[in-house]
Protein chains: 2
Amino acid sequence: MVTIYDIAAKAGVSAMTVSRVINNTGKISEKTRAKVRRVMEDLNYVPNHMARSLVLQQTNLLFLLITDITNPFYTTLARGAEDAAKKYGYRLLFGNSDENVEKEKDYVDTILATRADGVLVAPAGDPSLPHLETLRKHQVPFVLLDREVPGLDSDVVLGDSKEGARKLVDHLSSQGHRRIALINGSPYISSARLRLEGYREALKLNDLAYDESYVLETAFEPRSDLSEIESWLERMSPLPTAIVAGNNVLAVEVIRTLHDRGIRVPEQMSVVCFDDLGPYSEIDPFLTVIAQQAYQFGYLGMQLLVERIQERGETGLPWKKVVLPADMIVRRSVSAVENIL
Amino acid sequence: MVTIYDIAAKAGVSAMTVSRVINNTGKISEKTRAKVRRVMEDLNYVPNHMARSLVLQQTNLLFLLITDITNPFYTTLARGAEDAAKKYGYRLLFGNSDENVEKEKDYVDTILATRADGVLVAPAGDPSLPHLETLRKHQVPFVLLDREVPGLDSDVVLGDSKEGARKLVDHLSSQGHRRIALINGSPYISSARLRLEGYREALKLNDLAYDESYVLETAFEPRSDLSEIESWLERMSPLPTAIVAGNNVLAVEVIRTLHDRGIRVPEQMSVVCFDDLGPYSEIDPFLTVIAQQAYQFGYLGMQLLVERIQERGETGLPWKKVVLPADMIVRRSVSAVENIL
DNA sequence: TAATTTAAGGTTATCGGTAACATTATTTCA
DNA sequence: TGAAATAATGTTACCGATAACCTTAAATTA
């Protein structure tokens, strides 16, 4: 590997001069600058980021941790974060925790070991608390995305989950649905809790009774085993006429399970959910959804993070909480109750 | 930041002893080991990856560069790469080039500067050659995914693009289509070239004439400006009855443009493409596609990469080329010609 | 013209680890 | 019982960069 010393030797200058040329610091004559540049090109020199960061005590590296890299919500969010990072001159790397607290912890270790300047995290859930506290203890600035973690103060960008759930239920109710079920993510995830709350409030406002057996709390991540959903569907009696899904992955799994049992959507069952299905929902608009502004989650989150990084030292700045609105897109996955077979 | 020296001082041993405890090397008495461990926990010590890599001359870090993080093909591929990396004990980080050679070059610089042990790359295209050669020159092992780059020998995992294109055209032909158009990625991308070749061969085999105006070569990446597709549609006369899209993104854009012009799919135009739309195509199976084994691209690619890394030093090992089959999934986006309005 | 400034560059120490080579008790064995 | 082996730890140098300080010659200024 070519080092600064190889360049220095070949150019007949000291290593420090090479360093100055690389970083455009200090005073260097045009002649030496040109010579050093030529030697660097000749030898294909690439600065060693680690050596540099070691002495500078900063890496210019930021991380984005998401929980599901195959979910369009998170990948669109990633684009937003990426664009903002570029704007501020940071490099951004991605990690994927798969909704798995252990994997997430591994990434946090990598991040700490890499001495990243900051992190954007969509936490796997409340049990993420310990490793987020570790980040805090090591003074790594971070911003939470999409989910809060009780007991941890921080900047955060959230969607209006409660309002979103209310809108979905209201919409179903307006189509005459009175038996509305909810399949939700783990209660250890803040957004899932708020969606449940919004669901219950909306039921009440629409004079609908809350029936515990109509609620299934499972995992937001995709899984091959659908038996939990199957037994839930069997348990409910009478079957609901509509299902609210806590996110797009759950909606897909519910619909798949319904199809397996010969129940057609929306003819026999209406389904709505949080989060859109990416650009692909445009070709054959099917699911009625709360389309969260995924790109904005990433973009705004990155702005908050960069602010934190640049304010480092100043203490006691209040934590910022951005709540993005929940907009509903009505498509074909809901039919009016009177049309249900 | 807590260092090995802080631990050493507090535990009353030398830094080297701490290092030995961390890495489980050398001989350490149980007593000191326990003491050092306790101090590390007390101080929340995290090893500095950069310092370590600097002296070890290896980072245990691998990178995956993809060209479109919102494309389910690449995110599923990423999952495969991730699982395989974990199996082999490497850390994996992701980068997203957005089909943009410049961005890709930036990532390559980051990778070189980070001194990653290896890279998995889905190259943006033939113009990626210079920076891939830079990787080679710096002896960073890499494996290409999904696309080859002429003039560059390397391990590579490909899909059978030619065969896939043939299958799509054959399928359309079997439904009576005789005017079949192709919207494809840039001719500077190997997979796009092969898809065009397969398309032309299949036309010939089905006794269909090749009409240049029926082929549009554009970009594989999503874009907001659809005017190029619009003017292409206007140019073709008579309109084709079916369109083959070089990938899922193009299919989505074509269908969107068709809808804008009041042309319905599949009632008035059949559309097929390469690459599935992720799990979401299951809820409302619409597009007939060549479903490439995205997960396998990542998993096998990672295996090849790790082999290369571990063989480092041994020269002249032949390059490996894995070609994954192209399987067609027939869904609803094609109708028989006689039913076209 | 002597005293300062400035331009251009060099030296040394350091970032946080680890390899390689000591060192010192303590065992083990001939 | 003395020599050799081993266990447990310490010292030193180095990985590749940069900050802080130092040096020298040329250019300015009083």
Side-chain angles (χ1 to χ4, degrees), chain A residues 1-37 39-40 43-61 109-117 138-140, chain B residues 1-37 39-40 43-61 109-117 138-140:
Chain A
M1 235 358 42
V2 178
T3 75
I4 210 175
Y5 297 97
D6 302 323
I7 310 291
K10 199 150 197 164
V13 298
S14 76
M16 200 54 222
T17 300
V18 179
S19 173
R20 289 191 180 106
V21 171
I22 294 170
N23 298 293
N24 263 311
T25 54
K27 323 219 172 207
I28 302 285
S29 73
E30 267 319 310
K31 212 175 106 193
T32 23
R33 188 190 305 277
K35 186 167 50 179
V36 169
R37 287 246 168 84
V39 177
M40 291 201 302
L43 302 187
N44 286 293
Y45 172 73
V46 179
N48 187 317
H49 198 273
M50 295 177 299
R52 186 162 195 277
S53 300
L54 195 56
V55 41
L56 289 185
Q57 299 284 56
Q58 64 158 56
T59 56
N60 207 36
L61 268 181
D109 285 344
T110 302
I111 289 167
L112 282 170
T114 310
R115 300 297 192 264
D117 290 347
H138 288 274
Q139 309 190 50
V140 180
Chain B
M1 230 12 29
V2 178
T3 75
I4 209 175
Y5 296 98
D6 302 322
I7 309 291
K10 199 148 195 165
V13 298
S14 75
M16 200 55 221
T17 300
V18 177
S19 173
R20 288 190 180 106
V21 171
I22 294 169
N23 298 294
N24 263 313
T25 53
K27 324 218 173 206
I28 301 284
S29 74
E30 267 319 311
K31 210 175 108 193
T32 25
R33 187 188 306 275
K35 186 166 47 177
V36 169
R37 288 247 168 84
V39 176
M40 291 202 301
L43 300 187
N44 285 293
Y45 172 74
V46 179
N48 187 320
H49 199 272
M50 296 176 299
R52 186 161 195 278
S53 301
L54 196 56
V55 41
L56 288 185
Q57 298 285 57
Q58 64 159 56
T59 57
N60 207 37
L61 268 181
D109 285 344
T110 303
I111 289 168
L112 283 169
T114 310
R115 301 295 191 266
D117 290 347
H138 287 274
Q139 309 189 52
V140 180

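Numbered from 1 within each chain, the chains take letters A, B, ... in sequence-line order.
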With a 4.5 Å limit on heavy-atom distance, are the side chains of A:Arg115 and B:Val46 in contact? yes
Quiz question: going by heavy-atom distance under 3.5 Å, is there a donor-acceptor pair between the base of C:dG16 and the side chain of A:Arg115? no
Is it the case that the base of C:dG17 and the side chain of B:Tyr5 share a donor-acceptor contact (distance under 3.5 Å, atom types as modelled)? yes
[N] [atom2] sits how many Å from [X] [atom1], rounded?
X: B:Leu56; N: C:dA20; atom1: CG; atom2: P; result: 11 Å
X: A:Asn24; N: D:dA19; atom1: CG; atom2: C1'; result: 17 Å
X: B:Met1; N: C:dG17; atom1: CE; atom2: C1'; result: 15 Å

Does a side-chain N or O of [X] approach OP1 or OP2 of [N] to a distance below 4.0 Å, or not?
X: A:Asn23; N: D:dT18; result: yes
X: A:Ser14; N: C:dG10; result: yes
X: A:Ser29; N: C:dG9; result: yes

As an exercise, state the distance from CE of A:Met50 to OG1 of A:Thr59, rounded to the nearest 0.5 Å. 12.5 Å
With a non-hydrogen cut-off below 4.0 angstrom, is B:Ser53 in contact with a base, only sugar-phosphate, or nothing? nothing
Could you check whether A:Thr32 gets within reach of a base, just the sugar-phosphate, or nothing at all, counting any heavy atom under 4.0 Å? sugar-phosphate
